[in-house]
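These notes are about the structure you will find just below.
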Amino acid sequence: MSGEINSSKIATSNIRIKKVCEWCGKEFEAQKCSTRFCCKRCAEHAYKDRQRQQRKQKTEAKVIETIVREKEKAVENKVYLSVQETADLIGVKRNAVYQLIYRGKLKAFRLTSRVTRICKTDIEHLLSTNVYVRKSKAKSSVNDENGEAITEFYTTKEIIEKFGVSNSWVFAQAKRHNIPKVYH
């Protein structure tokens, strides 16, 4: 009995899976599907590389955070901002700022063909006046030209049967004459 091996305690399998080492690129036979490296040395190298990448990402994040803070400090003391500084301040792209200017929502001063300045108070005014309001999905009642509520409606099917016209004609006439529609 002492010479027998209990097969239920063995962690390896008889299955051999051909794989390629993620570190060195050599082909090897693995005993598990989760094996990624051909040897302990490759696994250690990959681990060290992951650690290096994580340290690099942390350092880059700190540098980016420092740059952002410096931009915010530079903008803090200015009265007039460039388009790029405005975009950075409100967190949008430059084109979005230009669209706000073209629509007349944001006042800007064009000093030369290449220099545009925006007053900081105009930006604050834009952000305080354009508060997001959720629109209702549909009107609950329809009013006629006198302001009285319309309570009786024809269905599209009733109009087609009564006047012998096509479905597209009904919608074309409703659009042409601004006839109110109610959907159920």
Hey, mind stepping through Val68 and Glu72 against side-chain contact (heavy atoms from CB on, under 4.5 Å) and telling me if it holds?
CA-CA 6 Å; Val68 168; Glu72 288 173 354; 3.8 Å; yes
Worked verdict on Val170 versus Phe163 for side-chain contact (heavy atoms from CB on, under 4.5 Å):
CA-CA 10 Å; Val170 173; Phe163 298 104; over 6 Å; no
Check against side-chain contact (heavy atoms from CB on, under 4.5 Å), Asp122 and Leu126:
CA-CA 6 Å; Asp122 291 332; Leu126 169 79; over 6 Å; no
Start with the C-alpha gap between Gln99 and Asn95, add the side-chain angles, then the distance that decides, and say whether side chain to side chain donor-acceptor pair (under 3.5 Å) holds.
CA-CA 6 Å; Gln99 290 298 321; Asn95 288 343; over 6 Å; no
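Atom NE2 of His45 is surrounded by more than 12 heavy atoms from other residues, nucleotides or ligands within 6.0 Å. The local environment of CZ in Phe109 is crowded, with over 12 non-hydrogen atoms from other residues, nucleotides or ligands closer than 6.0 Å. The number of heavy-atom neighbours closer than 6.0 Å to CZ of Phe28, taken from other residues, nucleotides and ligands shown, is above 12.
Note on residues 74-86: pairs passing salt bridge (Lys or Arg N to Asp or Glu O under 4.0 Å), not counting sequence neighbours, are Lys78-Glu85.
Interatomic distance, Glu27 CD to Glu29 CD, rounded to the nearest 0.5 Å: 8.5 Å. The CD1 atom of Ile64 sits 10.5 Å away from atom CD of Gln57, with the distance rounded to the nearest 0.5 Å. Note that CG of Asp49 is 10.5 Å distant from CD of Gln54, once rounded to the nearest 0.5 Å. Rounding to the nearest 0.5 angstrom, the gap separating the CG atom in Leu89 from the CD1 atom in Ile123 is 5.5 Å. Atom-to-atom distance recorded for Arg103:CZ and Ile101:CD1 is 11.5 Å, nearest 0.5 angstrom. Rounded to the nearest 0.5 Å, atoms CD1 (Ile90) and CG (Leu100) are 6.0 Å apart.
Both Leu106 and Val92 belong to a single network of hydrophobic side chains, linked directly or stepwise wherever heavy atoms of I, L, V, M, F, W or Y lie under 4.5 Å apart. Note: the hydrophobic cluster containing Ile160 also contains Tyr154 (ILVMFWY, side chain heavy atoms under 4.5 Å, direct or indirect links). Hydrophobic clustering (side-chain heavy atoms under 4.5 Å, transitive across Ile, Leu, Val, Met, Phe, Trp, Tyr) keeps Leu127 apart from Val79.
Smallest separation of non-hydrogen atoms from Gly25 and Val20: O-CG1, 3.4 Å. The minimum heavy-atom distance linking Cys42 with Cys38 is given by the pair SG-SG, 3.7 Å.
Formation of a donor-acceptor pair under 3.5 Å by the Lys120 side chain with backbone atoms of Val75 is found in this model. Distance alone, capped at 3.5 Å, places no donor-acceptor pair between the Lys19 side chain and the Lys32 backbone. A donor-acceptor pair under 3.5 Å is formed between the side chain of Arg110 and the backbone N or O of Ser113.
In this structure, the side chain to side chain contact (heavy atoms under 4.5 Å, CB included) partners of Lys48, at least two apart in sequence or on a different chain, are Arg52.
The closest side-chain heavy-atom distance from Gln84 to Asp88 is below 4.5 Å. Looking at heavy atoms from C-beta onward, Val97 lies in side-chain contact with Ile118 at the 4.5 angstrom threshold.
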